[in-house]
There are 2 protein chains.
Amino acid sequence: MPVGTAATVKAVPQETLEKLNAEIILANTYHLYLRPGHELIRRAGGVHRFMSWERPMLTDSGGFQVFSLAKLRKITDDGVEFQSHLDGSKHFFSPEHSMEVQIALGADVMMAFDECVETPASWERTKESMGLTHAWAARSLAYWKAHRHEVPWMFEGRGPRAKGPEDKSFEGKYQALFGIVQGGMYADLRKESAERLVEMDFPGYAIGGLAVGEPREVTREMIALTLEHLPKDKPRYVMGVGYPDEIEEYAKMGVDMMDCVLPTRAGRHGLLFVREDPKNRASAVVRMNIKKQEYAEDHGPIDAGCGCSTCARYSRAYLRHLFASGEPLGATLNSIHNLSFYLETMERVRQELAVWD
Amino acid sequence: MPVGTAATVKAVPQETLEKLNAEIILANTYHLYLRPGHELIRRAGGVHRFMSWERPMLTDSGGFQVFSLAKLRKITDDGVEFQSHLDGSKHFFSPEHSMEVQIALGADVMMAFDECVETPASWERTKESMGLTHAWAARSLAYWKAHRHEVPWMFEGRGPRAKGPEDKSFEGKYQALFGIVQGGMYADLRKESAERLVEMDFPGYAIGGLAVGEPREVTREMIALTLEHLPKDKPRYVMGVGYPDEIEEYAKMGVDMMDCVLPTRAGRHGLLFVREDPKNRASAVVRMNIKKQEYAEDHGPIDAGCGCSTCARYSRAYLRHLFASGEPLGATLNSIHNLSFYLETMERVRQELAVWD
């Protein structure tokens, strides 16, 4: 899933995302709550209508951003008090409030409010945090069950072709809610967390709190053992991963969904993903730093085997020039290539696994 | 003509410019000479191939940028010594060197090297500067006549579909060179400058040194009287203008070409052009500042009568959010609308004048 933090996948127009066959995007609850505000988006008919996107969308719970971006956090059993990273204003998120905001945003999938423990953390600290996540998951679930029919696009239609209140195509549909497995880097806690959430019976499950600085082997181990305790007939989503070879590996382990800012963030920083052998789309992934002098007169495409609109038209030399000159078109063209690379990778994996058909 | 200073119309992909029916764009000689360098672009086969653009293109002479951007200029009869605004390195531009650089860049139209006098300037100072411009125009013309068959795409083909040296579609063609009329805000000097350049017999003529701070009435007066002394059967180009109502007025006065950074620069700053009556495309031009609070929940398009891809899909509320959040997509979508607004205006004027057919 491409990440569209502020209801925009940075530097890439929605019509381009459609051409790239992006099937679902993610938006960040924390950012949209602060700006432009969830009530404004509710009145607009949800994020779909606000940003003109009619395909599926997922919102996170805001928990991770509260812990990573906000200032002066104060955590109680009830929720989290924090200061906006934008203007220092004070806010309070509880599980109920996160659900209320996410229902207003109207994404197809929303996430239970969770606490993200710092890394590294002791077993005791991790277990305590996990307990809070489970209590908050139960409260998120209860709120969702009571309010899930309030999603704005039920009454307004959604996306660029929504016809307004007379559009009945989404009538009776509602958002899904996923629980988030925590438990840090402790196998017993991960197992306990997965089992506890499965008892609560969510429409889908996420594995959170990974890719936060731990070695890649640990990430893989935690994913593998957590998957064993999650039902195969429901979506299983690993949050915030990863490099192209990682997401391929995790998909083959049984992960159904992943999100990552890497294709767009790396693109804006001039880091491009290519196949070592352009003709073999399953060959090793090479990271190309377009800033390098060696590309100054390289008139070939980023990746000769890539079918994206950037590779079809623009040369490495031109992209290097755009990057070196600080031209905004560089971020757009690089992001298009990286998103295409990720989506192509996942499409190939789906074909190899012969699932999702 | 949209302005593509560094071989990119800021924040707008080439394929989008094509869809907007941009027939010709401008690139800046000064910027491309400094970065990535004209020899690199010559080896790439010219700006057309470098940036993947096969439609017409014009380069300015570098003169205006040397006078407005560069530091520590030293002007002699021979040329101008200046320091780069990027790194302070020393460079020298003469008429011959400007021609050499522009031939390497390979635009379809290049401009004679001129001096731009400061504003306001006395009649004596303006006359002296104009004399230098005329001497430099003669030297530009002589160099062009001797070297115009060296344009790189003659040997390489040009644009995204160029086939390399075997592509003969541009064989025997060469760049055009326009002379630039100067003379400040003095009617007698403008007349003298136009007559002197017409004697030299250029393929086309530009009117330079306007829209540099003088009242709009003076700009119009200078254009009107200069046009009287320029042949109607050759292109007449006013450099660096203007607002949509100005370019419409000048076109109807007989100006064939204009360039302006305004549609893209204003777009990046959240300033959008709309028609007062969206259904009447000849009604007054209104400037909309998308930052304003009044657009926060305005779910209509920028301009309901506009046919651009931004107005077809995105709301004022969403564009305001993108701008307020500093999202790069805002610059792209705003620039697309403003470019479309300018190009639509010129298309309507052409139909009204029933020329160019």
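Residue numbering restarts at 1 for every chain, and letters A, B, ... go by the order of the sequence lines. Below, all heavy atoms of this structure are taken into account, side chains as well, without hydrogens, waters or symmetry copies.
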Q) Counting heavy-atom pairs under 4.5 Å to chain B, which of G330(A), A312(A), A6(A), G45(A) comes out on top? A)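 Going by pairs under 4.5 Å, I would pick A6(A).
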Q: Flag the one option from T310(A), L40(A), T332(A), I41(A) with the top tally of heavy-atom pairs under 4.5 Å to chain B.
A: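 Among the listed options, the one with the most contacts to chain B is L40(A).
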Q) What is the minimum heavy-atom distance between M51(A) and Y314(B), and which atoms define it? A) O-CE2, 3.7 Å
Q. Is a donor on one side and an acceptor on the other found under 3.5 Å between the side chain of H321(A) and the backbone of L32(B)?
A. no
Need one label for [X]: side chain, backbone, both or neither, based on atoms under 4.5 Å from any heavy atom in chain A.
{"X": "L322(B)", "result": "side chain"}
{"X": "V12(B)", "result": "backbone"}
{"X": "F50(B)", "result": "both"}

So with a 6.0 Å cut-off around [atom1] of [X], is the heavy-atom count from everything else above 12?
{"X": "R55(B)", "atom1": "CZ", "answer": "yes"}
{"X": "K279(B)", "atom1": "NZ", "answer": "no"}
{"X": "F64(A)", "atom1": "CZ", "answer": "no"}

Q) Between H31(B), H299(B), R35(B), R49(B), which has the largest tally of heavy atom pairs under 4.5 Å with chain A? A) R35(B)
Q: Just give me the residue among P328(B), S52(B), S315(B), A331(B) that pairs up with chain A most often, heavy atom to heavy atom, under 4.5 Å.
A: S52(B)
Q) Could R313(A) and E18(B) be called an ion pair, given the rule that one side-chain N must be under 4.0 Å from one carboxylate O? A)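 Between E18(B) and R313(A) there is a salt bridge, with a charged N closer than 4.0 Å to a carboxylate O.
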